[in-house]
K.L.:
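Can you read through this structure? Questions will come right after.
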Number of protein chains: 4
Amino acid sequence: MRSENEPSGQKARSFIEEARRSQIVASAVEVIAEVGFHQASLARIAQHAGISKGVISYHFAGKDELMTEVVERTYGAIAEHVLAKMAGLESATQLLRTHVMSVAEHMRGHRTQIKALGEIFYNFRAPDGRPRYGIESSEEIYLSLERIYRLGQETGEFRQFDPRVMAVTHSAAVDTMFAYWMAHPDHDLDAHARELADLLERACAK
Amino acid sequence: MRSENEPSGQKARSFIEEARRSQIVASAVEVIAEVGFHQASLARIAQHAGISKGVISYHFAGKDELMTEVVERTYGAIAEHVLAKMAGLESATQLLRTHVMSVAEHMRGHRTQIKALGEIFYNFRAPDGRPRYGIESSEEIYLSLERIYRLGQETGEFRQFDPRVMAVTHSAAVDTMFAYWMAHPDHDLDAHARELADLLERACAK
Amino acid sequence: MRSENEPSGQKARSFIEEARRSQIVASAVEVIAEVGFHQASLARIAQHAGISKGVISYHFAGKDELMTEVVERTYGAIAEHVLAKMAGLESATQLLRTHVMSVAEHMRGHRTQIKALGEIFYNFRAPDGRPRYGIESSEEIYLSLERIYRLGQETGEFRQFDPRVMAVTHSAAVDTMFAYWMAHPDHDLDAHARELADLLERACAK
Amino acid sequence: MRSENEPSGQKARSFIEEARRSQIVASAVEVIAEVGFHQASLARIAQHAGISKGVISYHFAGKDELMTEVVERTYGAIAEHVLAKMAGLESATQLLRTHVMSVAEHMRGHRTQIKALGEIFYNFRAPDGRPRYGIESSEEIYLSLERIYRLGQETGEFRQFDPRVMAVTHSAAVDTMFAYWMAHPDHDLDAHARELADLLERACAK
DNA sequence: CATGAATGAGCGTTCATTCAT
DNA sequence: TATGAATGAACGCTCATTCAT
């Protein structure tokens, strides 16, 4: 196991190692998206990547670490894209609409990754049986969205409502927009996003 | 399989059998809710019920039939409750609000069942690997909700919008209200439901 | 278990009991012939007979006793038929030919029974793993056939040869004639029997 | 399954792997010969070989593949030996006698293998319940033997008879010679083979 | 670094048998 | 007599993990 060699914890990974990790993560994403979390065995992931099972064990402490890495990379990519789009905007309405639209935008180009992300969020559990990423781990998102809704209330753009309920609903609506689109690939994602933005905007309006 | 012991093909289930099936279904619900679909092995379900593994195989053709039964019973109970509450209502606004409120009402008394239901919906797959209850099987719900929203548009209560997006969002918001409440048991479910009803009502308002 | 009630071992079976045993044996024969010895579970045999599994356990000490009964009844029927045909014949050649022809005759009307018999002979094993009816249990047949061949040698009809090899070969040829006919139902069983009788007769001729 | 660990699809088997497969096949042969096909579970075969159950699953796709391999290796060895002995012979009488004698010769050194082969032939069934190697799969042998008998008829060595009946009988006689010898280890196999060759030769003679 | 090999626990399922009613 | 119910062992198989090379 790699970590045995790095008691200090932070030694930089070699280029080769980084490449292997990326390759394995990519393979994991594809396999999970295709066959689901539980059918995505290390054997299948290795086979899909064209490497031996042992390689995965060598580069990752276990299946858990691999899954965690998938989540971090995939989730990070969404956040990066969305935050870039929202940077500089000042009105709550604009922020709200931009969030919905930019997530949809990102979805279109990253179906597989987001599918895999959802599978892991929903299925990955600690050895004690408790979900590793329960809804608790959405707290960060809820806080971000709440900030937008609170801003709108402060500026007077929005009526008074419970920002937490709005954030939870907003988040759920966006996630399900993705799931619906995955199940109905001909569905017009852009139109859905626009309708959803309207919906949320009106729900907040005074 | 049960029929091994029974000459006649279609005999109604005996009282004892019905009791056992119910007991097993109940145990399955509890185990699934606690450890998740995939960790809910027949061995665990049997152990939890205090019976031997073979009993389950005796009363159910297989894990599939057991899961199907759990879904039918649990989902049926929700539908029954909600439909009863909505019966007789005529205004789309009332229907919409009642749907949200009555689902929340039911949730409060059936946490475990609904948790298990979600696990099965999300994780149960056919032998070919395809989800048994994918988002496709929400079609029925979407159609029901669409009917409400269309009614509102026809009566002039609601503005023009895409009823499908509204239905999908409504459904997601309700499901996530449940998940959020499960993760935060002190959360005020009723208040959330009321806020959500407001939110949806305003989103539709002219 | 029945035998518990009859320490003396020989109490006559009631009419009802006899009927049940016959019914179960008949069902066992049909099931074994259709799906093979190992797939012929008590459950399947009971289901095929339209009775509950428990009935079999009640009337037979176990699967072993049932199988033994099938063998005895089926084998007895063949012996009865063949011996009747051979009764009164005196020349070894006639006896030999009649044996082959009468077995074939019986086969035509008892495909299922003989198929089942073969399955049991070949597959039925004692708990220690040893075949219950190995080739050792053909000893009786071999002795009968040997008697015919010895007779022919004594009367001068036949040349000198090892009667045991002839008997073993004769028996195998007849059994395989059946197996071949089962696999090729359009095969002309009578013609095969006649050819086989010729073959054996010539093999013995001076 | 082996391929899990192997990137390239068609790589030749390593020496070690080949050794393990041979070891497992050998163990399977011994266990099958001793306790019969159906009692020969993977657990027993593994235990007999002194390895864990998983090893078998690792080297063979499943029980089916293992059984198929046993058949191929064992049957191949017989064919090889017999064909070598028959090569170059031209008279039908010689071919016939050599076939019987060389099979017997091979039997003497491969009791266990041939016993196991018989078990598999008779008991191995496809998932649909149909025998994997029924009497139908003896067709190849029948054709070979028929060729010999036809040759004899053409050259005038043999009288006219149905070559198929002769082939089926020949094959059955040889198989049963083996079974008889297995049950009676003191039986003189060579003498039996010689007697059988005489028997068949005379049965064909003009 | 990477591999192939091996492990052992756990899975869903089948089945002969036992037993109270 | 007959039944439905229940048991528990064994089955083939999957899989994350470990390890010598």
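Quick note on labels: first sequence line is chain A, next is B, and so on, each numbered from 1. Hydrogens, waters and symmetry mates are skipped; everything else that's a heavy atom, side chains included, is used.
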K.L.:
List the atom pairs, donor and acceptor, that lie under 3.5 Å between side-chain atoms in residues 29-42 of chain D and the rest of the protein, sequence neighbours left out.
P.N.:
residue	atom	partner	partner atom	Å
D:Glu30	OE1	D:His48	NE2	2.6
D:His38	ND1	C:His38	ND1	2.8
D:Ser41	OG	D:Arg44	N	3.2

K.L.:
Got a sec, which residues hit ring-ring contact (aromatic ring centres under 6.0 Å, His included) with B:Tyr75, two or more places apart in sequence or on another chain?
P.N.:
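By the ring-ring contact (aromatic ring centres under 6.0 Å, His included) rule, B:Tyr75 matches no residue at all.
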K.L.:
Quick one: A:Ile56 CD1 to F:dC19 P, roughly how many Å, whole number?
P.N.:
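For the pair A:Ile56 CD1 and F:dC19 P, the rounded distance is 19 Å.
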K.L.:
Is any side-chain heavy atom of B:Val25 closer than 4.5 Å to a side-chain heavy atom of B:Phe60?
P.N.:
yes
K.L.:
In whole angstroms, how far is the C1' atom of E:dA5 from the CD atom of D:Gln23?
P.N.:
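After rounding, the gap between these two atoms is 12 Å.
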K.L.:
For the pair made of CD in B:Glu65 and C1' in E:dT13, what is the distance, rounded to whole Å?
P.N.:
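From B:Glu65 CD to E:dT13 C1': 14 Å.
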K.L.:
Counting Watson-Crick and G-U wobble pairs with both distances under 3.5 Å, what is the dot-bracket string for DNA chain F, 5' to 3', using [ ] for crossing pairs and | for pairs to another strand?
P.N.:
.||||||||||||||||||||
K.L.:
Sequence neighbours left out, what passes side chain to side chain donor-acceptor pair (under 3.5 Å) with A:Ser22? Give chain and number order.
P.N.:
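Expected list: A:Arg73.
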K.L.:
Give a yes/no on whether any side-chain N or O of A:His59 is located under 4.0 angstrom from OP1 or OP2 of E:dA2.
P.N.:
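Yes, such a contact exists.
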K.L.:
When you match A:Asp64 and B:Gly50 each to their closest nucleotide on DNA chain F, which lands nearer the 5' end?
P.N.:
B:Gly50
K.L.:
Under the side chain to side chain donor-acceptor pair (under 3.5 Å) rule, collect the residues that match up with C:Gln23, sequence neighbours excluded.
P.N.:
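Listed in chain order: C:Arg20.
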K.L.:
What integer distance in Å separates D:Ile24:CD1 from E:dA5:P?
P.N.:
11 Å
K.L.:
The criterion is side chain to side chain donor-acceptor pair (under 3.5 Å); which residues satisfy it with D:Gln113, sequence neighbours excluded?
P.N.:
none
K.L.:
Among the nucleotides E:dA5, E:dC1, E:dT14, which one has an atom lying closest to any side-chain atom of D:Ile16?
P.N.:
E:dA5
K.L.:
Write down the distance between CD (A:Gln47) and P (F:dC15), rounded to a whole number of angstrom.
P.N.:
11 Å
K.L.:
Under the rule for side-chain contact (heavy atoms from CB on, under 4.5 Å), what residues qualify as partners of B:Phe121, not counting sequence neighbours?
P.N.:
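With sequence neighbours excluded, B:Phe121 shows a side-chain contact (heavy atoms from CB on, under 4.5 Å) to B:Val71, B:Leu117, B:Tyr133, B:Ser137, given in chain and number order.
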K.L.:
Rounded to the nearest Å, what distance is computed from the CZ atom of residue C:Arg21 to the P atom of nucleotide F:dA2?
P.N.:
13 Å
K.L.:
To the nearest angstrom, how far is D:Glu18 atom CD from E:dG4 atom P?
P.N.:
16 Å
K.L.:
Output a table of nitrogen or oxygen pairs between the protein and nucleotides 8-11 of chain E separated by less than 3.5 Å.
P.N.:
residue	atom	partner	partner atom	Å
E:dC11	OP1	B:Ser41	OG	2.9

K.L.:
Output the rounded distance in Å from CG (D:Asn123) to P (F:dC11).
P.N.:
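These atoms are roughly 16 Å apart.
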K.L.:
By nearest heavy atom, map C:Arg20 and B:Ile51 onto DNA chain F; which one lands nearer the 5' end?
P.N.:
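Taking each residue's closest nucleotide, the earlier one in sequence belongs to C:Arg20.
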K.L.:
Look at B:Glu119 together with A:Arg125 and state whether they make a salt bridge at an N to O cut-off of under 4.0 Å.
P.N.:
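Salt bridge present between B:Glu119 and A:Arg125.
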K.L.:
Can you sort out the partners of D:Arg132 under side chain to side chain donor-acceptor pair (under 3.5 Å), two or more places apart, ordered by chain and number?
P.N.:
D:Asp64
K.L.:
OP1, OP2 of E:dA5 versus side-chain N and O of D:Tyr58: anything below 4.0 Å?
P.N.:
yes
